[in-house]
Q: 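Sharing a structure here in structure tokens format.
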Amino acid sequence: MLSEDAKTNQRIQALMQRVLIVDPQLASAKLLSGVLRDICNCQIWTAQDAQRALTVAQGIEPHVIFVDHGPGLDGPAFTRAVRRSEMMCRKSPVIMFSALATAATIIGARDAGAHEFLRKPYTIKDLLRRLEAVSSRPRDWIEGIGYIGPDRRRFNSGDYSGPLKRRVDHAETPDEARFVQALKILKAALAAMDSDPRQALRSMTAQAEDILGCIKAKSDMEFRAAVVALSQRLALANPAQLPKSELEYLSRPLLALLPADAASARPAA
């Protein structure tokens, strides 16, 4: 029942070694479990509520999570809890499914950090397309403040084949787009140090790593040294003790390169 592409099949099988299904309806969870086992040999755990699902996820670290959204379960809230947790599986693909396939529901799934959305009732072909998308077309990870999850511009990427319309999609180079995005998120993270220090530090650490990756081919040693200094300080950081003023000082040489038209814009994710 898998794809005709052997490499795609291998990726799907690797992704589905450990699967968590979060669904308050036992019959629905059992149906999905059977379909997934028909697709490939996999270990499946189920949970009927969000709290139990988080406990199970902590124990098994699933490779992929299926979560329902509807009466009895808030799929977006569960997804946000996973993304903001300290679990190793916080970046695992989340496929949300729901019979409430309204625009608001789909956008809510995307903005919560879900990788894909699956409308119920779904076909095996629909399910395979979502599995192919998350296993074969990975998206950049956005470690922001208001948003944590995969790049939202490629949401339900298995369905999208149209033109790229965002300005950042046509940036001079992919590294330039990533660089500006990282600086914008770094600025937002600094602003969130008082309200959400744990996520702010996690976000700043991710942006420093991303910036280093973008400038690896550049010869500006002074700028590189500034990024390394920020990274090293963040590695030793304790949210309760690290002065915000020190992080602002270390970030100043980086934020000075933020383009004027991007300085006041919301990070695009």
Side-chain angles (χ1 to χ4, degrees), residues 1 12 15-16 18-40 42 44-58 60 62-85 87 89-139 141-142 146-162 269:
M1 195 177 292
I12 291 176
L15 174 72
M16 293 175 60
R18 295 192 299 274
V19 178
L20 173 60
I21 299 173
V22 191
D23 192 334
Q25 302 297 323
L26 283 175
S28 176
K30 187 174 294 186
L31 176 62
L32 178 56
S33 297
V35 173
L36 293 176
R37 288 194 174 99
D38 284 342
I39 291 175
C40 69
C42 55
I44 299 175
W45 286 260
T46 62
Q48 290 182 265
D49 62 79
Q51 190 56 52
R52 172 60 180 164
L54 290 172
T55 301
V56 173
Q58 177 74 51
I60 69 168
H63 294 103
V64 62
I65 300 171
F66 290 87
V67 59
D68 182 57
H69 176 58
L73 182 62
D74 187 334
F78 170 78
T79 303
R80 283 190 291 270
V82 171
R83 298 309 189 210
R84 298 185 69 85
S85 74
M87 295 186 292
C89 66
R90 61 186 293 268
K91 295 184 181 182
S92 293
V94 172
I95 300 176
M96 194 176 301
F97 53 95
S98 177
L100 307 171
T102 64
T105 302
I106 295 170
I107 292 171
R110 179 200 68 183
D111 291 348
H115 279 72
E116 299 288 329
F117 183 88
L118 190 58
R119 178 180 182 176
K120 296 193 324 187
Y122 51 83
T123 66
I124 294 177
K125 182 178 179 181
D126 293 333
L127 180 57
L128 277 172
R129 288 176 67 185
R130 299 302 185 271
L131 290 172
E132 288 177 8
V134 297
S135 62
S136 303
R137 293 184 287 279
R139 290 181 275 156
W141 184 260
I142 307 298
Y147 176 75
I148 306 167
D151 189 336
R152 288 179 286 189
R153 290 168 296 169
R154 302 296 177 266
F155 181 70
N156 269 21
S157 52
D159 291 337
Y160 185 75
S161 59

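Values below: all heavy atoms of this structure, side chains included; hydrogens, waters and symmetry mates excluded.
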Q: Return the CG to CG distance between Leu15 and Leu131, rounded to the nearest 0.5 Å.
A: 6.5 Å
Q: Scan the side chains in residues 23-32 for donor-acceptor partners under 3.5 Å anywhere in the protein, sequence neighbours excluded, and list what turns up.
A:
unit_1: Asp23; atom_1: OD1; unit_2: Gln25; atom_2: N; d: 2.9
unit_1: Asp23; atom_1: OD2; unit_2: Ser28; atom_2: OG; d: 2.7

Q: Specify the closest pair of heavy atoms between Ile12 and Glu132, including all atoms of both residues, with the distance to one decimal.
A: CD1-CG, 3.8 Å
Q: List the steps and the verdict of side chain to side chain contact (heavy atoms under 4.5 Å, CB included) for Ile124 and Asp38.
A: CA-CA 10 Å; Ile124 294 177; Asp38 284 342; 6.0 Å; no
Q: Kindly compute the distance separating CZ (Arg119) from OG1 (Thr102), expressed to the nearest 0.5 Å.
A: 10.0 Å
Q: Measure the spacing between CZ of Arg139 and CG of Asp151 and express it to the nearest 0.5 Å.
A: 7.0 Å
Q: Does a sphere of radius 6.0 Å around CZ in Arg37 hold more than 12 heavy atoms from other residues, nucleotides or ligands, not counting ones at 6.0 Å or beyond?
A: yes
Q: To the nearest 0.5 Å, what is the distance between CD (Gln51) and CZ (Phe78)?
A: 10.0 Å
Q: With rounding to the nearest 0.5 angstrom, report the CZ to CD1 distance, Arg130 to Ile95.
A: 8.5 Å
Q: Grab the two heavy atoms, one from Leu20 and one from Ala53, that are nearest each other, plus how far apart they are.
A: CD2-O, 3.8 Å
Q: Check residues 68-75 and write down every donor-acceptor pair under 3.5 Å in which the side-chain atom is one partner and the other belongs to a residue at least two apart or another chain.
A:
unit_1: Asp68; atom_1: OD1; unit_2: Lys120; atom_2: NZ; d: 3.2
unit_1: His69; atom_1: ND1; unit_2: Gly75; atom_2: N; d: 3.1
unit_1: Asp74; atom_1: OD1; unit_2: Ala77; atom_2: N; d: 3.1

Q: For Tyr147 and Ala112, which heavy atoms make the closest approach, and how far apart are they?
A: CE1-C, 4.4 Å
Q: Is any side-chain heavy atom of Val67 closer than 4.5 Å to a side-chain heavy atom of Val82?
A: no
Q: Side chains of Arg83 and Pro150, heavy atoms from C-beta outward: is any pair under 4.5 Å?
A: yes
Q: Considering all heavy atoms of both residues, which atom of Cys89 and which atom of Pro62 are nearest to each other, and what is their separation?
A: CB-O, 3.6 Å
Q: Is there a side-chain contact between Ser85 and Leu54 (heavy atoms, below 4.5 Å)?
A: no
Q: Please check this pair: side chain of Thr79 against backbone of Ala114, looking for a donor-acceptor N/O pair closer than 3.5 Å.
A: no
Q: Kindly compute the distance separating CD1 (Ile65) from CE (Met96), expressed to the nearest 0.5 Å.
A: 10.5 Å
Q: Which atom names give the shortest non-hydrogen contact between Ala101 and Ile106, and what distance separates them?
A: O-CD1, 4.1 Å
Q: Determine whether a donor-acceptor pair (N or O, by modelled atom type, separation under 3.5 Å) exists between the side chain of Thr105 and the backbone of Leu100.
A: yes
Q: Which pair of non-hydrogen atoms, one from Met16 and one from Cys42, has the smallest distance, and what is that distance?
A: O-CB, 2.7 Å
Q: Determine the interplanar angle of the Phe97 and Phe66 rings, folded into 0 to 90°, and report it as parallel if under 30°, tilted if 30 to 60°, perpendicular if over 60°.
A: tilted
Q: Please check if the side chain of Thr123 supplies one atom and the backbone of Asp126 the other of a donor-acceptor pair under 3.5 Å.
A: yes
